Amino acid sequence: MNAAKSSTGIGTIATADAERYRGRFAPSPTGPLHFGSLTAALGSYLEARRRRGTWSLRIENVDRTREVPGAADLIIRTLASFGFQWDGPIIYQSDRTEHYAAALDRLSRRGLVYPCSCSRSEIELAARGSASFADEVRYAGTCRSGPLHPNRPLASRFRTSPGRIALIDGLQGEVTQDVHLEVGDFVIRRRDGYFAYQLAVVVDDADFGTTQVVRGADLLDNTPRQILLQQALGFRFPTYAHLPLAVDPTGAKLSKSAQSVAIDPARGGLLLWQALAFLKQSPPASLSKAPALDVWAWALEQWDLSRLLGLKSLPAPPP
Ligand code: GLU
């Protein structure tokens, strides 16, 4: 079989020519869909459709403590009324606990996991005085050789080793991080028993055969951790394209600002037009008043991800 080479930056892997593109959108049900999540949904969807691939919808409710009742259904209804069409059944992380447990077990058997009793304030205290990277507090490795307080509820941490992880992001270019140095050993199962996003996302993308992850640039920093887990579990590496983040006029991430009000699909055509304009696709002005179906037809024809090369954040339109 002919093989096309695709570089992940962590070695060159061979992928079969005929392999089908599989994309996905993976919202967390912590609130209604907002403009930022609409752009992530639209970017991942159009890229999948342009590449004649599949696009699945995964509700990332692994963190049940942050789930807002009704939010998952509201997101699904909003996507449907905009006209998004997902392939296959909707995946719920809450149904997939056994798969995360199996992955944790595999990592444990390889000696890559240890129990940790540290509380957040203890972690912050231990990190004081050491180098700090972005807004991440590095875990100092306090429980590496055994939990300091074994009678407390214990988290499971992934044991990292020094060394840089490098990836070539389809939009952001080369990204490198020494996870051990900048993040430290990270939690894959929390003290309250819930699996962490980092593990769940890697297991899900592997199980459902995601070939490319298209998502917001706010998750770029998480990617090297996810690559470490993919390596340790022997999973294939998807490629990545991190879309610019929608920010408000102060530069704050939209979903964290007052502007992130729920979007109203009754204004479907205009909102899709605005999302396409945000994603630098330059939709014609005449389409801004057109029905959503016409905007879709234009977008499916004209979508070009490369127009977003190098853009890390962009201002969202006023609500
Ligand atoms: N659930 C994450 C979010 O809503 C997205 C995770 C991902 O796409 O990998 O921000």
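Because only heavy atoms are used, hydrogens play no part in the values below, and waters and symmetry mates are left out as well, while side chains stay in. Quantities reported herein were computed from a predicted structural model and do not represent experimental measurements. Each ligand, and each atom within it, is numbered from 1 in the order the structure gives.
Taking a 6.0 Å sphere around CZ of Arg144, one finds it holds more than 12 heavy atoms contributed by other residues, nucleotides or ligands.
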Pairs under 3.5 angstrom, nitrogen or oxygen on both sides, ligand 1 versus protein: list them out, please.
| from | atom 1 | to | atom 2 | distance (Å) |
| --- | --- | --- | --- | --- |
| ligand 1 | 1 (N) | Ala26 | O | 2.7 |
| ligand 1 | 1 (N) | Ser28 | OG | 2.8 |
| ligand 1 | 1 (N) | Glu60 | OE1 | 2.6 |
| ligand 1 | 4 (O) | Ser28 | N | 3.1 |
| ligand 1 | 4 (O) | Ser28 | OG | 3.2 |
| ligand 1 | 8 (O) | Arg24 | NH1 | 2.6 |
| ligand 1 | 9 (O) | Arg24 | NH1 | 3.4 |
| ligand 1 | 9 (O) | Arg24 | NH2 | 3.0 |
| ligand 1 | 9 (O) | Tyr197 | OH | 3.0 |
| ligand 1 | 9 (O) | Arg215 | NH1 | 2.8 |

Show me, pair by pair, the donor-acceptor contacts under 3.5 angstrom made by side chains of residues 71-90, not counting sequence neighbours?
| from | atom 1 | to | atom 2 | distance (Å) |
| --- | --- | --- | --- | --- |
| Thr78 | OG1 | Leu74 | O | 2.6 |
| Ser81 | OG | Arg77 | O | 3.0 |
| Ser81 | OG | Thr78 | O | 3.1 |
| Asp87 | OD2 | Arg49 | NH1 | 3.1 |
| Asp87 | OD2 | Arg49 | NH2 | 3.2 |
| Asp87 | OD2 | Trp55 | N | 2.8 |

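Cluster annotation: Leu287 is not connected to Leu270 through the hydrophobic network of ILVMFWY side chains, with a link wherever side-chain heavy atoms come within less than 4.5 Å.
Taking a cutoff of 4.0 Å between a charged side-chain nitrogen and a carboxylate oxygen, Glu67 and Arg64 qualify as a salt bridge. Salt bridge Arg96/Glu60: absent, no basic N to carboxylate O contact under 4.0 Å.
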(request) Apply side-chain hydrogen bond (donor to acceptor under 3.5 Å, both in side chains) to the pair Tyr114 and Asp185, showing each step before the final yes or no. (result) CA-CA 9 Å; Tyr114 64 86; Asp185 301 333; 2.6 Å; yes
